[in-house]
Amino acid sequence: MVWQPTNVVEQDRWQKASDLEAQGVILYPPRATRTNTCAQAITLMTAYEEHGQAPENAPVVTVCGRIRRANIKGKVSFMHIEDESGRIQLFLRVNDMDETVYNRVKDKLIDMDDFVQATGQLMRTQAGEISIRVREFVLLAKSLSPLPVIKQEVQEDGTVIEHGGFTDKETRYRQRYADLAVNRDVRDVFIKRAKIVKSVRNFLDDEGFLEVETPILQPIYGGAAARPFTTHHNQLDQMLYLRISFELYLKRLLVGGFDAVYEIGRDFRNEGVSFKHNPEFTQVEFYKAYADYHDVMDITERMVAYVAEQVNGSPVATFKGEQINLAPAWKRITMREAIRQFTEIDYMDYPTAPELEAQIRKLDEKGVKPGQTWGKLVEHLFSEYVEKRLIQPTFIMDYPRDISPFAKRIEGDDKHVERFEFYIAGMEMGNAFTELNDPRDQEARFLEMAELYAKDSDEETPLDEDYLRAMRFGMPPNGGFGMGIDRLTMLLTDQHSIRDVLMYPHLKDEK
RNA sequence: GGGCCCGUAGCGCAGUGGCAGCGCACUUGACUUUUAAUCAAUGUGUCGUAGGUUCGAAUCCUACCGGGCUCACCA
C-alpha cells in the first residue's frame, strides 16, 4: 500500500510538496553544503564582534538544519533552524534574496520541520539576537508529517521554558526519532551514554586490557543464570543460542595466553521486562590473570569513579534526589553480615535448605517458593531485605556456592565462593569472582548444577565440554567482572527506567 | 502472570448518560527586526477495538489490544 496522508496537516504538506515540484523545486536534493554548524556560526559572530569590527563586513556562512520555529511576518520573516550543535535564527527579507524564493517562505510552502540550507552574512537583529541575513535559501528535505510542536520561551536569565510537549511514553519509545527530534534532553542522555561506553573503554585500555569480540551465536550458552533465546542456522541445520553472557568465551582467551581481556557488547536474556530489565542489554566484562576478587574490587571502584568524573565532571551522582558518592573506597561487607544486619538472621545457623526456609517463613509467610536450594534461599533473603537499601556503592562479598558455578571456593569454607556483586542506588550494577580455574572442580560444579536445578529452569547451567577442555590446558588464576552499562547509564543520567537509556527499548508489537 | 491507572484532533489535555470541546500546530487574510510574535477569520475526529445495556454511550458493563506504575518472576 502506498502511503496516504492521514490527517489535515499531512494533506496540506502533501499538496505543498507537489506545488513546490511544479515550481521546479527539488524536494530531496542529493547534496548539501555547509561551512559552519549553527553553534560555530554563533561563536564566529561573537568572536568577530569582540574584535570591534564593522557589522557590514561580518562573515558569510552557510548553515544547514531543521526549521524549528517560523515567524512569517509579510515581507520579512524569521526562522530558527537547528542542527545537532544547536539553533540559529535566520532573518529572511524579500530585499535580500530572490523574490521567488522568498515567496515560497511567505506562502508557507516551506514548513516547520523541513531541512534547509541557508547562506548569508552574520548579523544581529534589533532585538539583539545573532542571526543570518539570508541571501540563498535551499530546501534540503521536505517534511511530510508534522513533529510535535514545542515552543521555547527564553527567559531573561537565559533559562528556557518549553511550552507544549511530546510526553506519551509509548509514542516516544515507538517513534524514538520523533522523540529525539523534539526533546533535547533525550538526546543529552544518549550523548552521555556514548561517553560512558567510551570512558569504560579508555579506562580498561589504559589498564592494559585487550578488547576482543566473541560469538553472540553460541552452540552452548553459559556464564550466567538466565533463560536464553534460541535460533537456528539454516544451512548447517544448527540450533544456536544468543549469548546470555561473554564469560566462558573470554576466559578461554586467558588459556590462550592473554593476560587481560574485555568485551563490551550485547547480551540477550529471555526473561521478564521491568524498569531495570530489557531482553537485550549491554554489558562490559573483563578477566584479568593473577588478580583475585579483592583486586577486582579495587579496579571496579576506580573505574566507576573515573567514568562518573569523565561524564559528569564529578564522582558524586544525583539519583532520585539522592547524592551518591562513587569515589573510592566503597563499603565492603559479606553477604552473611549484610543479611544479619538487616534481618538479624545469621543464615549459618541454618545450614540446610529446610532449616533456612522455615526461618524465612517466620519473617514473611508468603515470600518463599518451597523446595529451593540453600543458596537460592540466601539470595532470596538478600534481595528481599537488603538490596533496595544499598543506596551508596557497596560490595557484597562471598556468595553461596550453589548459585555461583564459575567462582572459586573460599578455602576451608564449603558453603561460600569468592564472589562479589556491587550495588548502587538499590540496583545490582555488576558481578565478579575470583574465577574458578580448576577443571576438576568446574566439572563437579556442572554436575552439581545439573543435579540441583531442573532442565529449563533459569538456573540451568549446561555442561560445556569445550570449556572444560580449554581449562585442562591450564588457566591462570584470574579475577573476572561484569557490569550492566544500561544501569550505569541510568545512575549517571538520573533516568529511572532502563527504557529511557535505550534508543529502542523492547516493546510489544503494535496493534 | 496479579493489582491499580491510562488510551478523545498532528501534539498536550478537558469532557462521567443528551449537538465532540480547549490550547498549540494547520488553513485564509494583514504585517519589512520577530522570538511562546501579534491581530482577524475558517476548518480539523474510526472518542483504542469488538460486543452489550439504554429512547440515547466518549461516558455504564464485558472481552480484547496497547501503554504506565507496582508486586511477582528475573540479575
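Order of the sequence lines fixes the chain letters, A, B, ..., with proteins taken first and strands second; residue numbering starts at 1 for each chain.
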Please list, in numerical order, the residues of residues 95-103 of chain A that have a heavy atom closer than 4.0 Å to any atom of RNA chain B.
A:Asn95
Kindly state each residue pair satisfying ring pair (Phe, Tyr, Trp, His ring centres under 6.0 Å) with at least one member in residues 82-103 of chain A, sequence neighbours excluded.
A:Phe78-A:Phe91
B:rG51 -> Watson-Crick or G-U wobble partner, both distances under 3.5 Å, gives B:rC61
Does NZ or CZ of A:Arg419 fall inside the cone over A:Phe433's six-membered ring, less than 6.0 Å from its centre and within 45° of the axis?
no
Mind checking what makes ring-ring contact (aromatic ring centres under 6.0 Å, His included) contact with A:Phe481, not counting sequence neighbours?
A:Phe286, A:Phe422
Mind checking side-chain contact (heavy atoms from CB on, under 4.5 Å) for A:Gln218 and listing every partner two or more places apart, or none if nothing turns up?
A:Pro215, A:Tyr221, A:Arg243, A:Tyr249
Taking side-chain contact (heavy atoms from CB on, under 4.5 Å) as the test, write out the residues that go with A:Ala39, two or more places apart.
A:Thr37, A:Ser85
Pair of N/O donor and acceptor under 3.5 Å linking B:rU33 base with A:Glu129 side chain
no
Show me the protein contacts with nucleotides 9-11 of chain B, counting only N or O atoms at under 3.5 Å.
{"from": "B:rG10", "atom 1": "O4'", "to": "A:Asn7", "atom 2": "ND2", "distance (Å)": "3.3"}
{"from": "B:rC11", "atom 1": "O2'", "to": "A:Gly165", "atom 2": "O", "distance (Å)": "2.2"}

For a quick check, tell me whether the side chain of A:Arg69 and the base of B:rU34 share a donor-acceptor pair closer than 3.5 Å.
yes
Anti versus syn assignment for B:rU35, with syn defined as within 90° of 0:
anti
Which of residues 487-494 of chain A have a heavy atom under 4.0 Å from RNA chain B?
none
Taking only residues two or more places apart in sequence, or in another chain, which ones meet A:Tyr453 in a ring-ring contact (aromatic ring centres under 6.0 Å, His included)?
none
With A:His496 via ring-ring contact (aromatic ring centres under 6.0 Å, His included) - residues at least two apart
A:Phe319
Identify every side-chain donor-acceptor pair in residues 53-63 of chain A under 3.5 Å, counting partners at least two apart or on other chains, and give the distances.
{"from": "A:Thr62", "atom 1": "OG1", "to": "A:Thr119", "atom 2": "OG1", "distance (Å)": "2.9"}

Which nucleotide wins on minimum distance to the side chain of A:Ser497, given the candidates B:rU33, B:rC69, B:rU32?
B:rC69
Restricting to ring-ring contact (aromatic ring centres under 6.0 Å, His included), what partner residues turn up for A:Phe166, sequence neighbours left out?
none
Only pairs at least two apart or in different chains count here, so list each salt bridge (Lys or Arg N to Asp or Glu O under 4.0 Å) that has a residue in residues 82-95 of chain A.
A:Arg34-A:Asp83, A:Arg68-A:Glu82, A:Glu82-A:Arg87, A:Glu82-A:Arg187, A:Arg93-A:Asp96
